[in-house]
Colleague: 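The structure under discussion is supplied below as structure tokens; questions concerning it will follow.
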Amino acid sequence: MNSPIVSAQRVSKRFDKFQALTDVSIDVEKGEVVCIVGPSGSGKTTFLRCINQLESIDGGSLWVDGELAGYRVEADVVHRLPDKEIARQRHLTGMVFQRFNLFPHRTALENIIEGPIHVLRQPRREALDMAQGLLARVGLAAKAGSYPSELSGGQQQRVAIARALAMKPKLMLFDEPTSALDAELVGEVLAVMKDVAATGMTMVVVTHELNFAREVADKVVFMSEGRVIETGSPDRVLTNPEEARTRSFLSAVLSGNSEAA
Amino acid sequence: MSIVAIDIAQMKRAKPRHYGRWLGALVLLLCLGYLVYAFAVGKIDWGTVGNYLFHPRILWAVGMTIFLSVVSMTIGVIIGTFTALGRSSRNPVISSIAAFYTWLFRGAPILLQLLIWYNLALIFPVIGIPGIWEADTVRIMSPLAAALIAFSLHEGAYTSEVIRSGLLSVDAGQHEAAKSIGMSYGLAFRRIIGPQALRIVIPPLSNEFIGLLKMSALASVIGFLELTGTAQDIYYVNTKIMEMLFVATAWYLVVVSMFSLGQFWLERRLARGFVYGGKHG
């Protein structure tokens, strides 16, 4: 009943000679907001992409909403799931990308209704009503007819969040959603994410925004060199870390921030 | 020079003098004038040109040239799309077949391909499915059939590379975004990747089509009555060589202009959402 939405059991992943993930074990409970922080190249984005099966894992096991992601086990033999099954598993999770990845040939509204109409097979009328509601929720009701190229980065990312929410996911994944934004646009995207978190959505957020993590996360995971170094409440991991590597990462980030300010 | 607070908006502006342009235009005009003169005094019977421009045989030939090109291009683009997708297939059998097909039909001269298809009866006297339907190859392989097959396969090989480059030009993030909202590969291709690739491939495909329109003249060697061949057939009889070649040239220009307009319209439609030049922040 209370099984976690995401359960990673000693997940490993390698790209050719590069070991991207080693023994990563993370549980995400329903309604939880988990922030993954760590230096670049630490495997946090790779882990997120494994949850959404944009990458497949090599070892361990990854469970999403009670199903083994990407594989089927039959009499101790592992079978890769067919693409159709993977597509079905995938739309339980919404994904927000660092570079937005809106469809440039569709308006903001059309970006949002694309999945509901063609994947969920919702009636057009219904999908349009829901999309208008979502646009209003991210503060872009007036931009329904704008193409992505006519929107600022912050606006594009808010449309991307609405597009992911339109699939009614059980889990939202955010891959460094504010890293590609100009500093003055970061706040509007974080505000929308806080709003989504407040509705009880389960979220896994890879981010460099430590203040956001402190304020919104139920749990913070610090990763380095493909491993989970420590996990705990934001206060524990971000204020009183036990591990030396976490401390050195935090002091590097904080001094960087103070220089920028 | 000392600094003075002048305002150039309040001053008279010197007009730039484009000596080079005027000289160039003059030379061009002289050349053009000479050409017109040469054509006027040359042995060209302009009356014959006018008489044959809308001659039923010429009009039929224009229709046949357009028909052959449009049908071959359509089939070619369909084959080319599947070949382009096949090239990037994870299945090694499919990707090898696609690569081999492109290599063969892009490598062999189109003139030879036309002749080989037309003379297919020399290798396969009878075609069909044994016991169900069979026919003499000579009867089936008419000049039109041979030309359609040869040009379709040739265009398929050429356009597959154009389409492949169009597909590669679509950002990997678009594939991932389509996947992330649960789209299958086919749906993502139809709704997201295809339309964006189409915008990229329309100019080179139009080029390819215009090339095909003129290349279709080669079908005259197997006796297909297209524009160039028909013009030749007529001047063999009436000996008005230049006149008939002008008639054919005029029609090629008309047809190409027509399709160029279509290309312009198509490009404008597909440009929706894309900003050229200026950048939005």
Side-chain angles (χ1 to χ4, degrees), chain A residues 49 51-55 82-108 110-120 145-156 160 163-169 172-173 175 181-182 185, chain B residues 81-82 85-86 88-95 163 165-203 205 265-281:
Chain A
R49 291 165 60 85
I51 298 177
N52 206 18
Q53 299 191 50
L54 293 174
E55 307 288 353
D83 290 348
K84 209 173 166 183
E85 277 296 293
I86 291 178
R88 182 190 60 78
Q89 287 188 339
R90 226 178 235 139
H91 74 66
L92 296 172
T93 62
M95 178 105 175
V96 175
F97 299 88
Q98 183 177 355
R99 303 215 43 91
F100 330 134
N101 295 348
L102 289 181
F103 306 132
H105 59 308
R106 304 253 187 263
T107 63
E110 289 168 344
N111 264 275
I112 298 172
I113 61 175
E114 189 67 34
I117 290 181
H118 295 280
V119 178
L120 301 180
S146 299
Y147 284 97
S149 60
E150 297 160 350
L151 300 174
S152 73
Q155 290 170 332
Q156 288 188 56
R163 176 176 70 178
L165 288 173
M167 295 301 290
K168 302 220 160 52
M172 284 281 283
L173 307 174
D175 181 14
L181 296 176
D182 291 339
L185 302 176
Chain B
T81 306
F82 281 105
L85 291 172
S88 52
S89 170
R90 275 177 295 181
N91 181 335
V93 178
I94 293 177
S95 63
I163 292 167
S165 65
L167 292 174
L168 289 176
S169 75
V170 178
D171 187 54
Q174 293 292 308
H175 290 268
E176 294 186 345
K179 279 184 189 171
S180 81
I181 54 171
M183 285 190 164
S184 65
Y185 184 80
L187 187 60
F189 177 76
R190 277 209 319 279
R191 302 281 315 165
I192 308 300
I193 309 301
Q196 291 182 60
L198 192 62
R199 186 182 69 93
I200 307 288
V201 301
I202 285 298
L205 280 188
W265 174 82
L266 206 57
E267 278 182 30
R268 275 247 311 252
R269 247 187 83 88
L270 290 171
R272 277 181 311 184
F274 291 89
V275 184
Y276 294 104
K279 235 172 92 182
H280 285 257

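Each chain gets a letter, A, B and so on, in the order its sequence line appears, and its residues count up from 1.
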Colleague: Against chain B, work out which of A/Pro104, A/Gly115, A/Ala166 has the most heavy-atom pairs shorter than 4.5 Å and name it.
Modeller: A/Pro104

Colleague: Which region of B/Ile192, side chain (C-beta onward) or backbone (N, CA, C, O), has a non-hydrogen atom less than 4.5 Å from a non-hydrogen atom of chain A, or is it both or neither?
Modeller: both

Colleague: Please check if atom CZ in A/Arg99 has more than 12 non-hydrogen atoms from other residues, nucleotides or ligands closer than 6.0 Å.
Modeller: no

Colleague: Chain B: which of A/Leu102, A/Thr93, A/Leu173 shares the most heavy-atom pairs with it under 4.5 Å?
Modeller: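 If we count pairs closer than 4.5 Å to chain B, A/Leu102 comes out on top.
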
Colleague: Could you tell me which of B/Met183, B/Gln196, B/His175 has the largest number of non-hydrogen atom pairs under 4.5 Å with chain A?
Modeller: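 Looking at each of B/Met183, B/Gln196, B/His175 in turn, B/Gln196 comes out on top.
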
Colleague: Please flag which part of A/Phe97 lies under 4.5 Å from any non-hydrogen atom of chain B: side chain, backbone, both or neither.
Modeller: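 For A/Phe97, the contact with chain B is made by the side chain alone.
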
Colleague: Please list all pairs passing the salt bridge (Lys or Arg N to Asp or Glu O under 4.0 Å) test where one or both residues lie in residues 170-194 of chain B, with sequence neighbours left out.
Modeller: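 Qualifying pairs: A/Arg49-B/Glu176, A/Glu114-B/Arg191.
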
Colleague: Minimum heavy-atom separation for A/Asn111 and A/Pro148, please, with both atom names.
Modeller: ND2-CG, 3.9 Å

Colleague: I'd like to check the salt bridge (Lys or Arg N to Asp or Glu O under 4.0 Å) partners of B/Arg90; sequence neighbours left out, ordered by chain and number.
Modeller: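 With neighbours one apart ignored, the set is A/Asp83.
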
Colleague: Determine the option with the most heavy-atom pairs under 4.5 angstrom with chain B, choosing from A/His91, A/Met167, A/Arg90.
Modeller: A/Arg90

Colleague: Can you tell me if B/Phe82 has over 12 outside heavy atoms packed within less than 6.0 Å of its CZ?
Modeller: no

Colleague: Testing the basics here: between A/Val96 and A/Ala164, what is the closest heavy-atom pair and its distance to 0.1 Å?
Modeller: CG2-CB, 4.3 Å

Colleague: Among B/Ser184, B/Pro195, B/Gly182, who wins on heavy-atom pairs under 4.5 Å with chain A?
Modeller: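 If we count pairs closer than 4.5 Å to chain A, B/Gly182 comes out on top.
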
